[in-house]
Each structure stands twice: as structure tokens, then as C-alpha cells.
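Order of listing sets the numbers, starting from 1, for every ligand and every atom in it.
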Amino acid sequence: MKALRNVGRLLSPGSPLRQNVDVLVDGDLVAGVVPAGQGGPVEEDFDCAGCLLTPGLIDAHTHPLYARPRLAEAAQRAAGASYSALAAAGGGINATVRDTRAASFSDLELGARGRLQRWLGQGTTTVEAKTGYWLARDGELAAVALLSRLANDRSLPRLAVTYLAAHEVPPEHLTARADYVQKVVDWCPDARRAGASFCDVFCDEGAFTVAESERILAAAAAAGLRLRLHADELGLTGGARLAARLSAVSADHLLRIGPAEVDALAGAGTVATLCPVTALNMGQLPPARALLDAGVTVALGSDHNPGTSGTTSMSLVLYLAITELGLSVEEALAAATVGAARSLAVTDRGRVEPGMLADLVLWQADHEGAFAWEPGLRARRVWRGGAELAPEG
Ligand code: NIG
Ligand code: FE
């Protein structure tokens, strides 16, 4: 048993704020929360010095496995070029596919490990991780297998692996889209066997249509994969309504949705995963308040990817959810913990309560208002399953 002594404020979504407490940890689980100094003897003590403790943050949307970021394109977008225009001109996802196919898996693993270590050091203990930069059978399945292997590495965040072969139509199939859709369908059982838990489709203008997405997602569900969907990010094409109709666990981005889509998500119990860095990058914000008011569970994601979001900092994402999307500090923290856990269909994390995983973050602050004050608030200490990791500094 170990004790995290002298926690100034313990903020755990769903429970009232607790002040001046000790958090007891037994193995990889939280054993209890007691008034400071009232726990019995333990083998190991850590002094939290009155700081703020929260559950480990959960990033519900990322693309962490790629060769290199498209920085020249980011500069072009900053100068006014649109994401769709750059993609049509040979940039975008297919540019990363060219680079990633040409890279060795050992280099790709090194790059992904470095990013994932940053996530963890910045207070994120679970990361949803998508494939999607091979768009060919062997590469996509090898990516699922690599991410599944990294999921067992205790020096990295926990991972939830998503098969996203339907990220884009690859160049060799541009004149035979239906063939590629059929392939993505056929690979679903293999992706499940290789370790994927989820299937995602980029359902949007210039990507996959609603009909194509539905074919893929139906096959994914039959293969035992749970469904997520990039929906209505670039245009209102019907992705959110499809996600609701198929009872997807998550519909993501949602920059273009209106009241009908909000109601559909609320009725289906589909989580709305919002990615404020990408939203700002695209110049269009999702209707976060309307979603919350309608009773939709909101999750947050960094959407880390080589094109539109380079961050691995969920505390920065929290800051933007608060300042740009209008969430309260408590709503944002809930979205980045229990909300994100719900989008990943897990109930063992996201709160600091007895029996939950001891994934914990001690922040460089003594009040949760710091999330609304310092973009990218730093973690002071991070525990994954009760094991302490070196902070990022
Ligand atoms: O979530 N929209 C599709 N996927 C990413 C972008 C990926 C990329 O541009 O490489 C997103 O924004
Ligand atoms: Fe994405």
C-alpha cells in the first residue's frame, strides 16, 4: 500500500471536491481517500505538498503513428490555403501515406514512443490511437499490431487501438473507390485479430460518403469492433446522423452539425468527441454548449496528427475547451476523463475512487482554475496504475 499524502484539492468528476486528503493506492488500484494523516501505516509515502490531484487525463482521438509532420502545409494553411485544396493538390493524408509507407517500422515505432512518452509526462494516461497512414492491408494490420504491442508497455500511456484504413482513398485506388471500400471491409476481422478494439471512418466531404462509411462500419461491427466516426468536420454530409443510427460509441469533430444532429446523438447515447485544436485550425467551432444542454456526453481529444494538430498536451486541450468552446473547468475535466472513458467503452478509469485504476496526475497548481489560466498546465507527477513516472519538467 502507498499513500499520496497532503493532496490540497482532489477533483474527480462525479464526486464533490475533496480538500486536504490522502489518496491510498494498493497495487495498480485506488484503495481509498481519507482525511490527511488518517490513513494507517503504508510502505511508501509521497508528499503532494497541497497541490491539485485529478484522474489521469484520457485523450479520445489521436493519430500518433506517422513518418513526419506536414509542416510546409501547415504554413500554407496559415497563409490561407484550405485543407481540402491542399489535399486535392497532392498534400494532406495521402502525402503522409507516401512518407509513412517509405519509412521503416522501427523508425515509426521510435517516433510514436517519443510522442506517447510526451503524452504521459503531460498527464495523459490513456490515449486512443488510430492507424490510417498505410491504406494497404499489410501496413494497416502491422500498425494495429504495433499499437497493440505498445499498449502493453508500462512506460507509455494505456492505448485503445482503432483501425482506420478508411482514412482516405489511396492513390492506387482513386479510379476504383468501390474496390478499396471492399478491401477495408474484408480486413475488418484481421484488424480485430491483430488487436484493434475500434473501427473509425473519415466520413466527410472529399473523404468517404455516408453510404461507403455505412458499409465499412457494418462489417466492422460484425467483426466485433466498436464504431467511431470522423463526422461532419469539413461539411455537413450526414456523419453524425450515421453514427447515431449505428449506435457508434463516438462521433468526432462535429464542426458543422446543427440541432437535428445534436438531438440524434443525444437519442443514441453516442459520445461527442470534440477536438478544439483542430477546430481552431479549421476556423470553425463545434456546438459544445448545445451538445451538453441536450444531455450528450462530451469527450475531448487532441486529434494529434501530422496535418492539423501537433499537440500532445491534454491540459492545452482543456484550456481551449474552456476558453473557446465555453465549457466550465469541471465540464472540461469531465470530458477529458469520464467522458473520454465512455467513448472508449471503459469504466475502470477517469475517476479517483476505490477500485478504479490508480492513474493519477498531480498538477503544478493548487487549484483547478489553473486549467483556465495556463495554456498547457504542467504535470508535477504522473502515476499509471500506481507506478510513478518521471515528470516532463
Ligand atoms: O482528424 N480528418 C481526418 N483525420 C485527421 C487529419 C489527419 C491528417 O491530416 O493527416 C483529423 O483531423
Ligand atoms: Fe482525426
So do the side chains of F208 and V181 get within less than 4.5 Å of each other, counting heavy atoms only? yes

Count the heavy atoms of every other residue, nucleotide or ligand shown that sit under 6.0 Å from CZ of R77, and state whether that count exceeds 12. yes

Which of the N/O/S atoms in H230 sits closest to the Fe ion (ligand 2)? NE2

For ligand 1, protein residues within the heavy-atom limit of under 4.0 Å are H61, H63, R70, Y83, I93, Y133, H167, F202, H230, E233, H253, T278, D303, N305, P306, G307, T308

So, 2.8 Å as the limit: is an N/O/S atom of H61 located closer than that to the Fe ion (ligand 2)? yes

Any N/O/S atom of H63 sitting less than 2.8 Å from the Fe ion (ligand 2), backbone or side chain? yes

Look only at the side chain of D22 and the backbone of N6, and say whether a donor-acceptor pair between them is shorter than 3.5 Å. yes

Indicate yes or no for a side-chain donor-acceptor contact from S313 to the backbone of L316 under 3.5 Å, with no hydrogens or angles considered. yes

Would a line drawn from the ring center of Y66 to the ring center of H304 be shorter than 6.0 Å? yes

For F46 and W383, I'd like to know if the aromatic rings sit close, meaning centre-to-centre distance below 6.0 Å. yes

Side-chain donor-acceptor pair present, E140, T131, cut-off under 3.5 Å: yes

